Amino acid sequence: MVVDQTLEKVREIIEAVEKEQSLEEGDILLNCLHRVQDVYQNFVPSEAAELVAERLKVPLSKVYEVLTFYTMFSTKLRGKYVIRVCNSLPCHVTGGSQIIDALFKELKVGFGGTTEDGLFTLEKTGCLGLCGVGPVIMINDEFYGNLTVDRVAEILADYRARGEAGV
Amino acid sequence: MAKVKSLEELMKIKEKSLKDLQMRDTEKKGKIVVAMGTCGIAAGAKDTLQAIVRELADNKVDDMSVVQSGCMGLCEVEPTVEVHMEGQAPIIYGHVTPEQARRIVQQHILSGKVVSDLMVKKGEI
Amino acid sequence: MSATDKTSIASEAPAPRVEARAATNTILLCAGGACISSGEESCLQALRATLEKYALQDVVKVVETGCMGMCDAGPLMILYPEGVFYQKLKPSDMEQIVSEHLLKGRIVESKLFVDPSTKVKITSAYDDHPFFTKQVKIATRNMGVIDPMSIEEYIARDGYFALRKVLQEMTPEQVIDTLKKSGLRGRGGAGFPTGLKWELTRKVPGKEKFVLCNADEGDPGAFMDRSILEGDPHSVLEAMAIAGYAVGAQKGYVYIRAEYPLAIERLTEGIKQAKEYGLFGENIMGSGFSFDLEIRMGAGAFVCGEETALIESVEGKRGQPRVKPPFPAQKGVWNKPTLNNNVETYANIPPIILNGPEWFTRIGTEKSKGTKVFCLAGKIKNTGLVEVPIGITLREVVYDIGGGIPNNKSFKAVQTGGPSGGCIPAEHLDMPIDYETLKTIGTMMGSGGMVFMDEDTCMVDVAKFFLQFSVDESCGKCTPCREGNRVMYEILERITNGEGEEGDIERLETLGQSIIDSSLCGLGQTSPQPVLSTIRFFRDEYEAHIREKRCPAKVCRSLIRYHIDESKCVGCTACARVCPVAAISGSLRKPHRIDPEICTRCGSCIEVCRFGAISKITPI
Ligand SMILES: Cc1cc2nc3c(=O)[nH]c(=O)nc-3n(C[C@H](O)[C@H](O)[C@H](O)COP(=O)(O)O)c2cc1C
Ligand code: SF4
Ligand code: SF4
Ligand code: FES
Ligand code: FES
Ligand code: FES
């Protein structure tokens with residue numbers, strides 16, 4: 001079954017992370033969760049959280065404390081591409097609000113929303129450290145700067161094409 | 001790789017790589033450095049790098065090395081590219097889109113003329 | 001004229017280089033600390049005397065500047081318009097410079113500045129983008145110069161020589177002593193003396209200690225830590241190993257935000273390469289000292305940059321700050337003594353070890369030594385990252401390095417210290433930038449982000465933005481921070497919506513002060529600063545919003561209206577075509593109208609109107 005296979009993968013991840021790096025017990029929880037989240041589509045499902053808790057010998061409640069505290073983790077399924085738009089002042093003064101408006105319009109969702117096709121989830125974030133080329137968005141692990149409203153449309157079209165091609 | 005144990009060994013590595021870094025006594029005619037910080041990449045440096053590599057290949061240039069560096073901090077003109085020909089002061093170009101990158105290869109690398117309208121700085125940063 | 005008169009004239013002379021450059025003949029003489037000590041003043045006197053001798057005193061402008069950053073070659077001078085650079089000046093050189101260069105236009109070859117790294121004589125500082133000329137690169141010395149993925153190139157630029165020197169020639173006490181003498185202070189925000197912190201950590205007994213690097217950079221407007229890690233990861237790694245040796249730690253963590261994947265990649269590769277060369281790991285360079293380092297990722301929580309929250313996060317917990325004391329030096333990661341420094345702080349250390357503390361103390365001011373990396377963002381021509389001697393004036397940063405404000409707008413203010421800092425208005429442009437001076441006007445150095453604002457920026461809106469950041473990022477542990485910031489935010493929201501009331505400003509002030517007084521960590525203790533500081537310098541803007549329902553910068557959407565001037569409108573329909581909500585009506589060649597009920601104040605129409613017919617009106 002698919003679920004079993006993915007869980008198997010989570011098991012492998014934990015082993016790999018443990019082998020690679022562990023100075024002290026417990027310190028690899030966040031790193032583990034990041035990788036688990038990459039396996040599932042941008043979220044950590046409960047069965048994976050349970051497995052992580054069991055393997056790393058931390059109480060499940062603690063795993064959930066961590067998952068809910070940090071904004072980059074999600075316990076709910078998100079879109080294939082998570083778009084994080086910078087909402088801090090330097091991007092704002094260089095035109096960020098137009099970019100946010102354009103994203104709302106293009107995606108027809110608000111912050112935290114996922115598009116109907118399941119492709120995009122829109123989130124806001126604090127400064128991404130690219131203020132020199134603001135306004136900025138981050139899509140999964142890629143960054144786009146010097147944005148204009150037209151450029152946003154182009155980028156989204158590009159991702160839609162990628163989504164259809166299944167990459 | 002041999003572990004470094006002494007000042008002499010460290011000096012040896014330094015001297016060897018300094019030559020490459022300063023474009024002295026290498027087989028290459030020069031090097032092109034593309035600033036690949038996230039800032040540069042967000043401004044399109046990956047496309048620029050690709051365009052440079054293609055244009056060099058299309059023109060059968062094989063005596064230029066293409067390398068990456070971090071950024072030099074002038075975000076305003078990203079993507080930035082440095083062209084360092086042997087025996088000459090390096091030239092730093094700004095706002096290098098893929099089209100401009102092809103122009104730089106044609107004009108600077110192939111014809112030896114600095115593309116002055118894109119130049120931001122001459123000399124080491 | 002007496003000598004003292006002359007000096008006072010010189011110091012009254014306007015400093016901005018951009019203006020100077022436009023003048024026909026301007027001589028810039030470096031009056032930085034090092035140049036003064038190597039004889040700048042007597043050069044100045046000789047220069048003035050010589051100019052008078054040739055009756056040039058009225059046509060040649062002499063300006064004393066701050067440190068030009070090449071102190072070893074001082075006293076220095078730059079001659080404009082050509083931008084020729086002369087070094088190691090003596091009073092006796094002035095005759096030749098005036099008679100040859102100024103009168104005959106011949107460059108005085110023997111005094112030309114020689115680039116210390118290339119040994120090339122620099123005839124002209126003029127070719128260069130002005131962005132580069134005032135920089136002094138220590139922490140960013142290799143950025144953009146080397147391939148960050150090549151440890152060999154790092155070694156080519158003296159990398160790991162400091163670690164070798166420390167391990168083979170220095171005791172931990174000597175290392176700490178060097179740092180203390182250098183006067184280096186933490187670049188992460190608070191400015192705590194680094195050598196002292198190392199000494200405190202060393203003195204705490206314990207076999208097992210940790211070294212941390214805080215790379216959780218999250219201050220809006222700051223990106224130097226990312227750039228350093230991406231451009232020169234080894235400089236931080238080397239310094240952390242040195243720190244391990246000095247404080248007696250064998251293990252370290254770099255805590256880095258997950259939003260910096262490229263920096264994580266380069267650090268990981270860097271650690272691998274350093275281990276291959278035996279510069280990391282067991283028994284480094286045969287010294288018996290071992291040091292191992294790992295990377296821990298954040299996950300999108302700004303408060304984890306606070307050192308005790310960071311420690312919690314490294315331990316795999318929610319990143320909520322701990323009560324201090326105990327300080328990390330006493331009880332840090334796993335309750336073991338822990339040293340935590342910022343990325344930029346570390347990047348300064350190898351050059352200090354190699355060049356000695358005296359070299360470092362020659363740069364900067366009396367109380368703040370060395371350089372600081374600043375990130376220029378917002379309304380400034382040259383956005384980017386610069387490293388300059390501490391104590392440089394804001395004016396030099398804005399106009400010389402930053403190239404001024406784009407689109408012929410005027411400078412209004414700059415925010416330093418991000419959401420914990422405050423703004424500096426135009427009246428303080430000539431203020432030196434250092435830890436102490438910034439504090440006197442209610443802001444702080446912070447991590448070095450500088451967000452520039454021009455006349456089109458609304459300061460109430462700015463304050464609201466920073467406060468929203470703090471509301472979003474409060475970890476929720478303390479009520480004043482969690483609730484108080486939210487209440488302040490709501491007041492600001494009301495003010496910018498045109499619903500402000502008399503007494504709101506005072507409410508903000510008292511509430512802000514109580515949040516500052518009663519929060520546990522630095523986030524809450526500083527989050528009201530942007531509001532308090534904008535009130536301090538731009539109270540009139542707050543009042544205009546509240547009393548007149550007017551936004552002077554024409555930013556707050558509820559207080560402005562877009563209007564088409566019928567006498568200027570030619571009816572080209574350009575605006576109607578771009579309006580996303582069809583708020584503009586009118587037929588071809590007839591004046592158009594905007595329906596304020598439909599208009600969303602997006603601003604698109606203003607940009608496309610070529611006849612300047614559309615404007616913003618406040619109050620509505
Ligand atoms: C809310 C908050 C966020 C902080 N974020 C950072 C940060 O991103 N990077 C950093 O180096 N220091 C940050 N600091 C300061 C650290 O607590 C600590 O003072 C610093 O890392 C010490 O290093 P230094 O002495 O080298 O400056 C933050 C402090 C607070 C209160
Ligand atoms: S001041 Fe704010 S961020 Fe800091 S501990 Fe308290 S609630 Fe958390
Ligand atoms: S500001 Fe925007 S919404 Fe209003 S009239 Fe102009 S284009 Fe239309
Ligand atoms: S403010 Fe947007 S990246 Fe910094
Ligand atoms: S910080 Fe790298 S160019 Fe802007
Ligand atoms: S260059 Fe003159 S004091 Fe530094």
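Order of the sequence lines fixes the chain letters, A, B, ..., with proteins taken first and strands second; residue numbering starts at 1 for each chain. No experiment lies behind these values; they were computed from the predicted model shown.
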Check each atom of [X] against the heavy atoms of chain B and say whether the ones under 4.5 Å are side chain, backbone, both or neither.
X	value
C/I146	both
C/Q168	side chain
C/K165	neither

Name the option with the most non-hydrogen atom pairs under 4.5 Å to chain B; the candidates are C/D158, C/D232, C/V386.
C/D158
If you count heavy-atom pairs under 4.5 Å between each of C/P148, C/A156, C/G278, C/G281 and chain B, which one has the most?
C/A156
Using side-chain heavy atoms (C-beta onward) and a distance below 4.5 Å, is [X] in contact with [Y]?
X	Y	result
C/F161	B/L7	yes
B/S69	C/D147	no
B/S17	C/Y154	no
B/Q68	C/M149	yes
B/K5	C/R164	no

Heavy-atom pair of closest approach, residues C/L262 and B/M36
CD2-O, 3.4 Å
What part of B/T80 gets within 4.5 angstrom of chain C, counting heavy atoms only: side chain, backbone, both, or neither?
neither
Within a 6.0 Å radius of atom CD on C/E282, are there more than 12 heavy atoms belonging to other residues, nucleotides or ligands?
no
Measure the [atom1]-[atom2] distance between [X] and [Y] for me, rounded to the nearest 0.5 Å.
X	Y	atom1	atom2	result
B/E78	C/T383	CD	OG1	9.0 Å
C/Y277	B/L10	OH	CG	10.0 Å
B/C75	C/L376	SG	CG	8.0 Å
C/K381	B/E76	NZ	CD	10.0 Å
B/M72	C/N142	CE	CG	15.5 Å
B/S6	C/M285	OG	CE	6.5 Å

Distance-only donor-acceptor hits, side chain of residues 37-52 of chain B, under 3.5 Å, sequence neighbours excluded:
{"unit_1": "B/T38", "atom_1": "OG1", "unit_2": "C/E230", "atom_2": "OE1", "d": "3.4"}
{"unit_1": "B/T38", "atom_1": "OG1", "unit_2": "C/E230", "atom_2": "OE2", "d": "2.2"}
{"unit_1": "B/T48", "atom_1": "OG1", "unit_2": "B/G44", "atom_2": "O", "d": "3.2"}
{"unit_1": "B/T48", "atom_1": "OG1", "unit_2": "B/V96", "atom_2": "O", "d": "2.7"}

